[in-house]
Amino acid sequence: MLPSSYEHKKYEDKIYKKWEESGAFTPDTDPNKKPFTISMPPPNATGTLHLGHAVMLALEDIMIRQKRMQGYNALWLPGTDHAAIATQNKVEKILAAEEGITREQLGRENFLERVKAYVADCQDTIRQQVRKMGSSCDWTRERYTFDDDLNRAVTEIFVRMYEDKLIYRGHRLVNWCPRCKSTLADDEVEHKERQGKLYWIKYGPFVLATTRPETKLGDTAVAVHPDDERYKDMVGKEYQIPGVLGEFTVKVIADKSVNPEFGSGAVKVTPAHSFVDNEMAERNGIPMKQIIDEDGCMMENCGKYAGLPTVQARKEIVEDMEKMGLIEKVEENYDMQLSVCYRCETPIEPLPSKQWFIDVNQKFDIAHPEKLGLKDKNVSLKEAAIHVIKDQKIEIIPDRFNKTYFHWMDNLKDWCVSRQIWWGHRIPVWYCEDCEEVIVDRETPKACKCGSEKLIQDEDTLDTWFSSGLWTFSTLGWPEKTEDLEYFHPTSVMETGYDILFFWVARMIIMSTYALSEIPFEKVYLHGLLRDKQGRKMSKSLGNGIDPLEMIDKYGADALRMALFIGSTPGNDSRIYEEKIEGFRNFVNKFWNISRFALGRSEDTKVSLEGDTKGVQPQGKQTNDSNQSTNTPQPPQGGAEQTPQSPFQGEAATKPQELINQWIISRTQVLIKDVNKGLDEFKFSETGQLLYDFVWNEFADWYLEMSKKSESEETKQTLLYVLQNLLKLLHPYIPYVTEEIWGEFNEDMLITAAWPEADESLINAEQEKKADLIRNIIKEIRSKRAEAKVDPVKKISAIVFGGKNTAIVEEHAEVIKFMAGLETLTASESGDKPEKAIAIFIDGAEVYLPLADMLDPEKEKKRIEKEIAEAEKYVKSIQGKLSNKNFVQKAPANIIEAEKEKEKATLEKIEKLKKQLGEI
RNA sequence: GGGGUUAUAGCUCAGUUGGCUAGAGCGCUACGUUGACAUCGUAGAGGUCACAGGUUCAAAUCCUGUUAAUCCCACCA
């Protein structure tokens with residue numbers, strides 16, 4: 001017998017171990033079965049599990065578990081990411097704090113050893129935390145972006161892209177983080193609203209506004225709008241401008257990007273330290289003068305300011321300019337957009353630098369254009385990546401993100417992939433010291449073709465997204481043609497947060513279409529971000545974060561999983577808070593107790609489940625048990641291990657005879673249908689809610705209660721049958737508790753049990769309606785009792801005139817008496833209304849309770865009058881519709897039929913209410 | 001500046017291609033509970049679906065506009 005409450009801590013780890021050891025997580029590549037693949041977004045190897053991971057794991061596990069039970073070879077490939085900058089920063093911080101040393105002091109080799117050791121120490125933490133969530137991923141195929149194999153994939157694709165002229169080295173303006181001392185990709189730059197000062201400076205014949213007066217030292221031009229009359233005569237001329245380091249020359253250029261409305265309409269141009277200025281300079285043939293170095297300090301060419309950090313230099317230069325009378329005015333508290341590093345929020349310093357870029361517009365010959373449905377094999381990376389979404393080779397859920405994707409892709413500039421940090425994939429490029437040769441190769445070259453052996457490898461490493469862009473296929477063995485790659489790629493679903501659509505999802509599409517001529521995944525499901533109860537982002541500084549591990553410890557993984565996605569829709573943020581998790585803990589416990597009850601009721605039946613027979617056998621019913629177990633609906637090609645079949649499934653099976661059993665079995669089929677449809681459509685929240693409601697409101701509150709009055713074998717079978725299906729349907733959501741209960745009466749494991757398919761022949765709307773009548777009678781009696789303030793333990797009597805439903809009511813007299821608290825129940829087709837009784841009119845029956853004395857007649861009268869008024873209003877609205885020619889002509893027949901039905905029912909109700917009113 | 005998203009009960013949210021008198025959980029009110037479950041049960045109160053127009057036989061749902069919140073993209077220096 002199961003204990004009276006579910007204690008997750010007793011079971012979770014044990015069950016996980018059992019699953020993992022059973023091999024259920026590890027699919028094979030059987031060609032007779034269909035694959036279903038999810039690449040797990042790899043958490044940072046040195047990170048700890050946060051709610052973002054938790055929701056990702058919950059959703060992916062739901063998909064994987066369902067597909068596995070449906071008989072797919074379901075592969076969920078886990079792994080970790082080396083997270084270049086993030087990890088390096090972390091280790092640097094630790095070194096500084098614990099040993100007071102910098103990476104430079106340690107040296108490259110030693111530093112990398114330290115990072116490796118640190119990662120190795122941490123990696124296990126995240127692995128264990130992923131397990132804690134109940135994730136049924138294949139640990140035998142676990143990968144790490146820094147594995148040798150994956151390293152090889154990175155080098156391979158770099159070399160191929162170089163050979164295809166998609167990777168080039170260029171001296172260009174890049175986003176530079178002076179703190180990370182590295183370049184950043186465009187999308188790694190964030191724009192933050194900051195307040196600064198706007199300086200109006202006297203600039204030779206101009207007065208112009210700037211937020212960065214120190215860049216004046218790098219100015220080489222002044223730009224105005226071509227149509228600006230004020231400056232028309234000055235365009236093309238050169239002017240001597242007085243400055244803090246003496247006079248310098250600028251040329252006046254005309255450029256449409258200048259806004260004549262802003263400031264004085266003239267803008268200073270600093271091509272080396274501003275992207276817009278740089279573009280203007282390029283268009284107008286203006287030279288570039290770099291004045292800020294990679295430390296964010298003024299360079300040698302800045303005279304007495306050389307070596308000063310920009311902020312300091314600004315202060316001193318402004319002071320000096322003031323002395324020279326060059327400052328016209330200063331606007332304080334000027335709102336401006338500041339570019340900052342997304343890792344450390346340090347202001348970005350645009351500066352010219354020699355870096356490696358991926359050219360997204362360069363055309364190349366794609367290997368297999370037909371695989372992507374491309375007409376032309378000569379395409380650019382950008383075109384291919386846009387094509388696969390436009391052509392719906394990949395579906396993004398929700399689809400509004402298509403628009404975002406296109407916008408981003410359309411505006412994508414060359415991707416700077418080199419990073420000046422040490423922790424990452426080293427760029428496979430060597431430079432010859434004796435000649436100019438640049439060697440790009442898969443292996444370390446021995447010598448240059450000039451004969452020199454003095455080869456130096458590029459110091460830089462690759463952007464972390466370069467390697468994670470390969471994730472769906474590098475993890476399956478690419479560039480080797482492995483069985484796994486052949487079988488599992490393209491993957492089925494990519495499930496991740498919408499916040500990394502650009503960082504990662506778009507990069508994977510670019511890399512996969514290039515390397516394999518394949519999409520990386522068929523569908524992209526983007527979940528929203530989790531916020532706190534007030535809708536605020538979770539952050540360390542606010543201290544409003546919820547630790548998923550703490551929640552698992554407190555409420556169990558099953559409860560946390562449910563709380564993470566119920567009440568959320570894809571792409572939209574949702575809120576999570578402890579009470580919500582607690583609510584689902586209650587649900588898990590409720591389900592536990594339901595199972596406890598069902599199993600308790602059928603203890604004697606259990607024997608027949610464990611025998612040779614594959615199903616629960618009803619007694620005394622004509623069943624052809626030799627045929628029934630193997631002919632049930634099968635999953636695609638193959639199917640999961642078979643589990644005991646119910647007596648109610650399959651052609652030859654017995655149909656249930658008792659009304660309540662017919663009802664719940666019918667409802668179960670509908671539930672199965674709805675859940676299957678919902679999961680097919682990625683409606684995880686809705687489907688979960690459906691199961692929740694069924695379990696609690698139908699199965700527990702009604703069926704379980706009603707079944708207490710039926711001792712038949714069929715009822716026991718039905719309890720088990722419904723339970724068994726619920727266990728399966730709920731397993732993807734709450735895997736632990738369902739597996740534990742399943743183990744109570746099954747020898748195999750639920751994780752590999754066959755997923756239910758609805759048996760349409762068991763859907764019985766007519767019987768459902770009859771059962772609803774019984775339920776309504778009970779509900780109404782309960783309601784009246786409460787209204788009349790009848791002591792709940794007091795039994796009353798009731799008289800029912802059931803009309804054509806009399807037999808049903810008589811048959812279920814015991815249930816009604818039990819559930820409505822009746823002493824006696826007299827049922828007949830019709831009769832005279834009893835004295836001093838209040839009447840309840842239900843569709844198909846009249847119920848009289850001897851409570852007239854207990855209700856205040858005036859109050860009762862008012863209540864009924866109100867009810868009549870409402871009903872009449874309702875009828876009027878229906879009749880309005882029905883008398884509307886347009887409605888009758890244009891509305892679909894079933895809707896009109898339904899309206900007529902409603903009219904009839906309401907009219908009957910009014911009549912009965914009036915009768916009731918007259919009797920008071 | 002451009003583009004999203006959101007607005008439904010006190011709170012958190014569902015609500016499918018337009019078609020039951022708009023739902024759930026929490027909270028609230030009253031009552032109850034010794035054998036499946038107080039991590040519970042029964043009954044109930046609570047909504048002008050942000051606002052204004054429009055389309056339609058029919059709008060919470062579609063369209064337009066307004067307001068408010070929020071996010072993403074974009075260096076008016």
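Lettering of chains follows the sequences in order, A, B, ..., and the numbering in each one begins at 1.
Ring orientation note: the planes of Phe694(A) and Phe699(A) are close to parallel, at an angle under 30° on the 30°/60° scale. Aromatic ring orientation, Phe584(A) versus Phe587(A): perpendicular (interplanar angle above 60°, classes split at 30° and 60°). Classification of the Phe684(A)-Phe565(A) ring pair by plane angle, with boundaries at 30° and 60°, yields perpendicular.
Summarising the geometry, the separation between CG on Asn589(A) and P on rA36(B) is reported as 15 Å, rounded to the nearest angstrom. rA45(B) atom C1' lies 10 Å from atom NZ of Lys866(A), rounded to whole Å. In this structure, Arg782(A) places its CZ atom 14 Å from C1' of rC31(B), rounding to the nearest Å. The interatomic distance linking Lys197(A) (NZ) with rC76(B) (C1') rounds to 21 Å, in whole Å. The distance from atom CD of Glu261(A) to atom C1' of rC76(B) is 11 Å, rounded to the nearest whole Å. Taking atom CG of residue Leu184(A) and atom C1' of nucleotide rC75(B), one finds them 15 Å apart after rounding to whole Å.
Looking at Tyr199(A) and Met321(A), their side chains never come closer than 4.5 Å, going by heavy atoms from C-beta outward.
At a threshold of 4.0 angstrom between heavy atoms, the contacts of Ser274(A) include nucleobase atoms, whether or not backbone atoms are also involved. Residue Gln889(A) is out of contact with every strand shown, counting any heavy-atom pair closer than 4.0 Å. At a threshold of 4.0 angstrom between heavy atoms, the contacts of Lys708(A) include nucleobase atoms, whether or not backbone atoms are also involved. Counting any heavy atom pair closer than 4.0 Å across all strands shown, Thr210(A) reaches sugar-phosphate atoms only and no base atom. In this structure, Asp701(A) reaches the sugar-phosphate backbone alone: every heavy-atom distance under 4.0 Å involves primed, P, OP1 or OP2 atoms, never a base. Nucleic acid contact for Tyr405(A): none, since no nucleic acid atom lies under 4.0 Å from a heavy atom of the residue. Within 4.0 Å (heavy atoms only), Ala209(A) reaches at least one base atom of the nucleic acid. Residue Lys789(A) is out of contact with every strand shown, counting any heavy-atom pair closer than 4.0 Å. Contacts of Lys590(A) with the nucleic acid, taken as non-hydrogen atoms under 4.0 Å apart, include base atoms. Ser339(A) comes within 4.0 angstrom of nothing in the nucleic acid, heavy atoms only. Within the 4.0 angstrom heavy-atom criterion, base atoms lie near Asn259(A).
Distance from the side chain of Ala786(A) is smallest to rA43(B) among rA43(B), rC20(B), rC37(B). Among the nucleotides rU5(B), rC71(B), rA36(B), the one closest to any side-chain atom of Arg531(A) is rC71(B). Closest contact between the side chain of Arg575(A) and the listed nucleotides rC31(B), rC13(B), rC76(B) involves rC13(B). Among the nucleotides rA77(B), rG44(B), rC73(B), the one closest to the side chain of Phe502(A) is rC73(B). For Arg400(A), the side-chain atoms get nearest to rG4(B) when compared with the rest of rG19(B), rG4(B), rA77(B). Comparing rU5(B), rG19(B), rA43(B) by their nearest atom to the side chain of Ser783(A) picks out rA43(B).
Considering only side-chain N and O atoms, Thr404(A) lies nowhere under 4.0 angstrom from the phosphate OP1 or OP2 of rC73(B). Of the side-chain N and O atoms in Lys902(A), none sit less than 4.0 angstrom from OP1 or OP2 of rC20(B). Side-chain nitrogen and oxygen atoms of Arg596(A) include at least one within less than 4.0 Å of the OP1 or OP2 phosphate oxygen of rC37(B). Distances shorter than 4.0 Å separate none of the side-chain N or O atoms of Arg212(A) from OP1 or OP2 on rA77(B). Between His407(A) and rG2(B) there is no side-chain N or O to OP1 or OP2 distance below 4.0 Å. Under 4.0 angstrom from either OP1 or OP2 of rU39(B) there lies no side-chain N or O belonging to Arg585(A). Note on Ser685(A): every side-chain N or O is 4.0 Å or more away from OP1 and OP2 of rC13(B).
Taking the C1' atoms as reference points, rU34(B) lies 23 Å from rA30(B), given to the whole Å. Spacing of P atoms, rU42(B) relative to rC71(B), comes out at 42 Å, to the nearest Å. The C1' atoms of rC11(B) and rG47(B) are separated by 14 Å, rounded to the nearest whole Å. Distance check on atom C1': rU55(B) versus rU64(B) gives 11 Å, rounded to whole Å. Between rG25(B) and rC63(B), the distance separating the two C1' atoms is 34 Å to the nearest Å. On the P atoms, rC75(B) is 16 Å away from rG2(B), given to the nearest whole Å.
At a cut-off of 3.5 angstrom, counting only N and O atoms as typed in the model, there is a donor on one side and an acceptor on the other between the side-chain of Glu705(A) and the base of rA36(B).
Nucleotide rC11(B) forms a pair with rG25(B), judged by Watson-Crick or G-U wobble geometry with both contacts under 3.5 Å. rG65(B) is paired with rC51(B) under the Watson-Crick or G-U wobble criterion, all donor-acceptor distances under 3.5 Å. As the counterpart of rU42(B), rA30(B) is assigned, both hydrogen-bonding distances of the Watson-Crick or G-U wobble pattern falling under 3.5 Å. When both pairing distances are held under 3.5 Å, rG19(B) makes a Watson-Crick or G-U pair with rC57(B). The nucleotide rA36(B) finds no pairing partner, because no Watson-Crick or G-U wobble arrangement with both distances shorter than 3.5 Å includes it.
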Contacts table for residues 265-281 of chain A: side-chain donor-acceptor under 3.5 angstrom, sequence neighbours left out:
{"residue": "Lys268(A)", "atom": "NZ", "partner": "Thr215(A)", "partner atom": "OG1", "Å": "2.6"}
{"residue": "Lys268(A)", "atom": "NZ", "partner": "Asp219(A)", "partner atom": "OD1", "Å": "3.0"}
{"residue": "Lys268(A)", "atom": "NZ", "partner": "Asp219(A)", "partner atom": "OD2", "Å": "3.2"}
{"residue": "Lys268(A)", "atom": "NZ", "partner": "Thr270(A)", "partner atom": "OG1", "Å": "3.2"}
{"residue": "Thr270(A)", "atom": "OG1", "partner": "Asp219(A)", "partner atom": "OD1", "Å": "2.6"}
{"residue": "His273(A)", "atom": "ND1", "partner": "Pro350(A)", "partner atom": "O", "Å": "2.9"}
{"residue": "His273(A)", "atom": "NE2", "partner": "Ile291(A)", "partner atom": "N", "Å": "3.0"}
{"residue": "His273(A)", "atom": "NE2", "partner": "Ile292(A)", "partner atom": "N", "Å": "3.2"}
{"residue": "Ser274(A)", "atom": "OG", "partner": "Asp277(A)", "partner atom": "N", "Å": "3.2"}
{"residue": "Ser274(A)", "atom": "OG", "partner": "Asp277(A)", "partner atom": "OD1", "Å": "3.4"}
{"residue": "Asp277(A)", "atom": "OD2", "partner": "Thr270(A)", "partner atom": "N", "Å": "2.7"}
{"residue": "Asn278(A)", "atom": "ND2", "partner": "Pro271(A)", "partner atom": "O", "Å": "2.8"}

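Looking at Tyr555(A) and Glu578(A), their side chains do bring a donor and an acceptor atom within 3.5 Å of each other. Side-chain N/O atoms of Glu190(A) and Tyr342(A) include no donor and acceptor closer than 3.5 Å. Looking at Gln195(A) and Asp335(A), their side chains do bring a donor and an acceptor atom within 3.5 Å of each other. Residues Ser568(A) and Ser574(A) bring no donor and acceptor atom of their side chains to less than 3.5 Å of each other. For the 3.5 Å distance criterion, the side chains of Asp558(A) and Tyr11(A) fail to qualify, holding no donor opposite an acceptor.
Position along RNA chain B of the nearest nucleotide to Glu681(A) versus Gly263(A) favours Glu681(A) as the more 5'-ward residue. Mapping Val267(A) and Gln337(A) onto RNA chain B by nearest heavy atom places Gln337(A) closer to the 5' end of the strand.
Within the 3.5 Å criterion, the main-chain N or O of Ile566(A) finds a donor-acceptor partner in the side chain of Lys580(A).
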Set out, line by line, the N/O atom pairs under 3.5 Å between protein and nucleotides 23-27 of chain B.
{"residue": "rA24(B)", "atom": "O2'", "partner": "Gln689(A)", "partner atom": "NE2", "Å": "3.4"}

